[in-house]
Student: 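First the structure, which I've put down as structure tokens, then a few questions once you've had a look.
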Amino acid sequence: MTTDPVPSPPATHRLFVNGGWRQGGDGSYPVVNPSTEQVVGHAPEASAADVEAAVAAAREAFDSWSRTGAAERAAVLNRVADALLARNDEFVPLLQAETGATIRVASSMQVPVAAERFRRYARGALEAAVTPLAPYPVAATPLAAGGLTSAVAVRRPVGVVGCITSYNFPIVNLAGKLAPALAMGNTVVAKPAPQDPLGCLKLGEVFEDAGAPPGIFNVVTGSGAATGAALVASAEVDMISFTGSTAVGRRIAADGGHTMKRMLLELGGKGAGIVLEDADLRTAVPAIGSAWAFHSGQICTAPTRALVHESRYEEVVAGLARYAAALAVGDPLSPSTVVGPVITALHRDRIESYIAGAVAEGARLVVGGTRKEHTADSPALPGTGFYVAPTLLAEVTPRMAVAREEVFGPVVVVIPFRDEEEAVAIANSTDFGLYDYVFSADTARAYALAARLRTGNVGINTAQRHPETPFGGFKQSGVGRDGGSYGLSAYSELQSLVWQS
Ligand code: NAD
């Protein structure tokens, strides 16, 4: 049986605004553990006035923070990293409970990764922000003297940044925005996902511990339609940095256009894992299997479409079926569990309807399937929670909804191709372009194939990441790039300074 590590009765949290704690003006709502279905805590519903207060605090703090030297900004970020790590034991159970992540993912993938982002961008704050340009000779005119015109391009902070994030990795997603934004001298109002906002609110305590200046980081929680939309509508917010679905990203781009906000949009994906005829399946199968094994498939970069050369099709289907069937599904608190629940009952139902729809359209259900079949087959599952078994669908065609739309759960489809032309055509046939993968013994061939993929990232014989790469999407997977030094560029405006000598 699962034991809920969060004390009862669940606490009601407050908003973090201007370095202090504020009651949400529109009440509060329960945050539910996706595994136990118990209430973990209550999060405030920020009212329009709360959002306004948070934005005003960030605007006021911007004046001094943007003029604070890079070394001092770096020192604050390093102190935030230290304070976050010092509270690791408080964060892990809270984040585990509100996200439903396995204890392995909750302990290794949240606090350490977020702390590393603060440290990375503390170093970034110290990187040169000035690019000198070659002097330019100017002839004298009756109105102005001639001489040499010199210039530099300087990176300046954008201003107040609204960071609106998705539920899958709450503080990692937020730290990936907050750290570079603060490093560049911006101030932030964060709006975490409504399903799991408590860890992000707790980051306020970390900023208090670190002695960060009030107002540089504020957190407002609540629904996207009210709290998120108020942040996007505010004329005092200069930029929105968003991670979430393509549908909501489109809406934010349209709404934020009225005030000409800068936009960084990290949106959905429908990754293709292309298995060429010469691929080593000992590499390809576990890499594609990460689409199930990593956070129950709630990963935007997951290779959820296995595109397989027809000569290897049955072999790959069998290999993936064995891989999926071996994954331990169940209580996320058990160290042996690999696949835990998905975030809500609504999301589970949505995933199940994609599976049922694919089967109705003629796909073959190889492994997994509906919740009912799953529970009967898996006595290790607790009696509560929003579980979907790792599911493999074969005989899928590129036109099926399950092959075109983002499912965001533990579902992989396998589609055969005849030759590279067809593989490229299928890979590029969705609206998304976030992360594809190529598996081949011939790396030169894989590089050449990557050039034809309309996607922001390509993994060649690996599903591992590199933290310094620019990260973002082609097509409707997003606008802009973050990651590494690209993150600093994303949170800055270029200003030219010109003088004559
Ligand atoms: P979502 O789009 O439903 O919600 C994301 C955030 O937007 C939430 O905080 C939500 O409250 C807010 N929101 C909703 N409507 C809004 C509105 N009208 N105005 C302002 N804010 C609004 O996404 P989700 O279900 O939380 O996360 C899953 C999605 O996130 C998937 O599509 C996944 O691919 C994507 N994602 C992308 C990346 C990436 O880096 N590209 C990373 C993680 C997740």
Side-chain angles (χ1 to χ4, degrees), residues 29 31 34 43 45-46 48 51 98-99 109 113 117 162-177 189-197 199-201 219-234 237 240-258 261 263-271 291 294-304 342-344 346-348 350-351 405-409 430-435 455-457 465 469-483 486-487 490:
Y29 68 93
V31 174
E45 286 274 10
V51 174
E98 65 175 342
T99 62
M109 281 300 301
V113 176
R117 291 190 171 176
C163 296
I164 302 176
T165 44
S166 60
Y167 73 79
N168 55 344
F169 286 100
I171 65 165
V172 168
N173 289 342
L174 178 54
K177 299 175 182 307
V189 178
K191 207 302 274 175
Q195 299 91 336
D196 50 15
C200 291
L201 284 170
V219 190
V220 290
T221 55
S223 73
T227 312
L231 198 53
V232 175
S234 170
V237 173
I240 292 291
S241 177
F242 173 73
T243 296
S245 62
T246 292
V248 173
R250 266 187 221 119
R251 175 76 190 264
I252 287 177
D255 292 352
H258 295 294
K261 286 181 172 50
M263 291 273 171
L264 176 59
L265 303 174
E266 301 285 1
L267 309 179
K270 190 74 191 172
F294 195 22
H295 203 18
S296 305
Q298 298 168 108
I299 300 286
C300 53
T301 55
T304 53
V342 298
I343 191 74
T344 57
L346 190 69
H347 191 47
R348 174 201 57 200
R350 190 174 162 271
I351 296 168
E405 297 170 20
E406 188 182 37
V407 177
F408 215 59
T430 73
D431 290 338
F432 301 103
L434 188 58
Y435 220 121
T455 185
N457 308 269
R465 307 289 157 69
T469 52
F471 183 80
F474 282 22
K475 302 192 286 181
Q476 296 193 32
S477 282
V479 176
R481 294 292 181 274
D482 61 13
Y486 302 91

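Counting starts at 1 for both ligands and their atoms, following the listed order. Because the structure is predicted, anything quoted here is derived from the model rather than measured.
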Student: Report the part of P192 in contact with ligand 1, treating N, CA, C, O as backbone and CB onward as side chain, heavy atoms under 4.0 Å; options are side chain, backbone, both, neither.
Tutor: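 The answer is the backbone of P192.
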Student: Near C300, which atoms of ligand 1 are under 4.0 Å from a heavy atom of that residue?
Tutor: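 Ligand 1 atoms under the 4.0 Å threshold to C300: 33 (C), 34 (O), 36 (N), 37 (C), 38 (C), 39 (C), 40 (O), 41 (N), 42 (C), 43 (C).
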Student: Inspect the surroundings of OH in Y486 and state if more than 12 heavy atoms from other residues, nucleotides or ligands are less than 6.0 Å away.
Tutor: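 Result for OH/Y486: open.
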Student: Using the rule given for side chain to side chain contact (heavy atoms under 4.5 Å, CB included), can you reason through Y167 versus T344, listing the C-alpha separation, both sets of side-chain angles and the distance that settles it, and then say yes or no?
Tutor: CA-CA 11 Å; Y167 73 79; T344 57; over 6 Å; no
Student: Will you find, in the side chains of T99 and D196, an N or O donor that is under 3.5 Å from an N or O acceptor?
Tutor: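 No - no donor-acceptor pair under 3.5 Å links their side chains.
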Student: Does any N or O of ligand 1 fall below 3.5 Å from an N or O anywhere on E406, backbone included?
Tutor: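 The answer is yes, given that E406 and ligand 1 share an N or O pair closer than 3.5 Å.
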Student: May I ask you to check if ligand 1 and S245 share an N or O to N or O distance below 3.5 Å?
Tutor: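 For ligand 1, there is an N or O atom that lies under 3.5 Å from one belonging to S245.
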Student: Run the ring pair (Phe, Tyr, Trp, His ring centres under 6.0 Å) check on F294 and F169 step by step: do they pass?
Tutor: CA-CA 12 Å; F294 195 22; F169 286 100; 5.8 Å; yes
Student: Residue-level breakdown please: for F169 versus ligand 1, do any non-hydrogen atoms fall below 4.0 Å on the side chain, on the backbone, on both, or on neither?
Tutor: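 It is neither; nothing of F169 touches ligand 1.
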Student: Just heavy atoms, cut-off under 4.0 Å: does I299 contact ligand 1 by side chain, backbone, both, or neither?
Tutor: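 Contact part for I299 vs ligand 1: neither.
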Student: For ligand 1, find out whether one of its N or O atoms is nearer than 3.5 Å to an N or O atom of R251.
Tutor: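 It does not: no N or O of R251 is found under 3.5 Å from an N or O of ligand 1.
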Student: Should the proximity of T227 to ligand 1, defined as any heavy atom under 4.0 Å, be assigned to the side chain, the backbone, both, or neither?
Tutor: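 Within the 4.0 Å criterion, T227 makes no contact with ligand 1.
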Student: Please report whether ligand 1 has a polar contact with I252, defined as an N or O pair separated by less than 3.5 Å (distance criterion only).
Tutor: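 No - when backbone and side-chain N and O of I252 are compared with those of ligand 1, no distance drops under 3.5 Å.
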Student: What about L267: any of its N or O atoms under 3.5 Å from an N or O on ligand 1?
Tutor: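 Yes, since at least one N or O of L267 sits under 3.5 Å from an N or O of ligand 1.
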Student: Could you tell me if R465 sits above the aromatic ring of Y435, with its cationic atom closer than 6.0 Å to the ring centre and no more than 45 degrees from the axis?
Tutor: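 R465 over Y435 ring: yes.
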Student: Is K191 in polar range of ligand 1, meaning some N or O pair under 3.5 Å apart?
Tutor: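 Yes; the residue has a nitrogen or oxygen that sits under 3.5 Å from a nitrogen or oxygen of the ligand.
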Student: Is the closest heavy-atom distance from A229 to ligand 1 below 4.0 Å?
Tutor: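 Judged by the 4.0 Å heavy-atom criterion, A229 does count as contacting ligand 1.
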Student: Under 4.0 Å from ligand 1, counting heavy atoms only, is it the side chain of T301, its backbone, both or neither?
Tutor: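 Within the 4.0 Å criterion, T301 makes no contact with ligand 1.
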Student: State whether any protein heavy atom lies less than 4.0 Å from atom 9 (O) of ligand 1.
Tutor: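 Given the 4.0 Å limit, the answer for atom 9 (O) of ligand 1 is yes, a protein heavy atom qualifies.
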Student: Hey, does Y167 come in under 3.5 Å of ligand 1, counting only N/O atoms on both sides?
Tutor: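 It does: an N or O of Y167 is found under 3.5 Å from an N or O of ligand 1.
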